[in-house]
Amino acid sequence: MPPPERPGPRVAVLAGGFGAARLLDGLVRVCEPHAVTAVVNCGDDFVLHGLHISPDLDTVMYCLAGELNPETGWGLRDESWRALETLRQLGGKSWFGLGDRDLGTHMYRTQRLAEGATLSVVTAELSRRWGVEVRLLPVSDDPVPTRVTIDGGTGDRRGSDGEIGFQEYFVGLRHAVAVRAVRFAGADRARPAPGVLDAIVDAAAVIIAPSNPIVSIGPMLSLERVRRAVMQRREETVAISPIVAGAALRGPAGRLMVELGHEPSVVGVARLYAPVAGTLVIDEADAALAPAVESEGMRCIVTPAIMHTPTDAAALAQAALSAVGCAAPSHC
Ligand code: FO1
């Protein structure tokens, strides 16, 4: 179905994986989906078995299609694992869980990229086929792989530069090793994908999803032109803290913040986001820290920020929109 003529106020969301996917699932309950653009992290992308895998794009796409695996929070629901089982029996690399259904997406993407299509074109094709109405844009069509420097002890995994790829850290080592540094290779050369800068500049509201600020949002803001576009919209930009009561809701964000010298709290999140976002949404559990967040130069909104249900996610999305003057879509 073609998008409506007047899709309503435009909203841009900087998105990582699971937390962003849930937020977007809530946002489309309070906003016209065609008016939403999700700019998605590609620092997690990697090639395995010759297949180009884009975990965050797929997590967001599957969630908006109603197909996300509810047990894992990644991959497809009603999944089977026969290919992976065969690979394991053959002694192949089976540390990364590619389900049989999910493999079809990676095969399609890999084939289209080999034919010369860009990642943003392939993403649009896949989204259309999964019936996703939100516009999904990879932050860049150029690679920006996240590289992680870890402590010694797993020397066989590290390259000559002492680094490993993000998925080797996150899945291969179950993010259970100390991280010394993170960098986004190629960020100085990578160009924002077509539509990314316009989506940010034209949006009535820019939402930074409750994703890992270092390894999900960080790769996107490491593109100078993306960072500058968001800074230009600082007053309309609202970040949602992924840290609640001093810990990440999911994944290694809290631990990574400590290891890289940041305070693992909403105040630490505010210090990271203050240059780009005017407002930070924090959970009620952190209400006492609201003045400290404001001391960092951000307005602070306290609201339930844990998304147990799609209704919670819709309320959080509405609170984020309201925080930047979009009390209801018609007001944006
Ligand atoms: N995460 C895991 O913890 N283990 C896996 O085996 C795994 C496989 C996987 C396959 C496809 C995909 O799109 C995502 C997958 N993820 C897996 C999630 C992914 O590694 C991370 O959640 C993101 O990269 C962090 O946002």
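Numbering of ligands and ligand atoms starts at 1, following listing order. For the single chain, residues carry numbers from 1 onward in sequence order. In what follows, every heavy atom counts, from backbone to side chain, and hydrogens, waters and symmetry copies are set aside. The model shown is predicted, which means the values in this text are computed figures rather than measured ones.
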Q: Does this structure show an ion pair linking Glu224 with Arg227, if we count only N-O contacts that are shorter than 4.0 Å?
A: no
Q: Would you indicate whether Arg191, at its atom CZ, is surrounded by more than 12 heavy atoms from other residues, nucleotides or ligands within a distance under 6.0 Å?
A: no
Q: Arg174 vs Tyr169, test: side-chain hydrogen bond (donor to acceptor under 3.5 Å, both in side chains). Steps then yes/no.
A: CA-CA 6 Å; Arg174 298 193 174 90; Tyr169 157 72; over 6 Å; no
Q: Quick one: side-chain hydrogen bond (donor to acceptor under 3.5 Å, both in side chains) pairs with a partner in residues 263-272, sequence neighbours left out?
A: Glu263-Ser265, Glu263-Arg271, Arg271-Glu296
Q: What does the 4.0 Å heavy-atom contact list look like for ligand 1?
A: Asp44, Pro55, Asp56, Trp74, Phe96, Gly97, Leu98, Asp102, Phe166, Gln167, Phe170, Val171
Q: Regarding Glu125 and Arg128, does a basic nitrogen lie under 4.0 Å from an acidic carboxylate oxygen?
A: no
Q: Name the residue from Leu14, Thr237, Ile240 that meets the side-chain contact (heavy atoms from CB on, under 4.5 Å) definition with Ile207.
A: Ile240
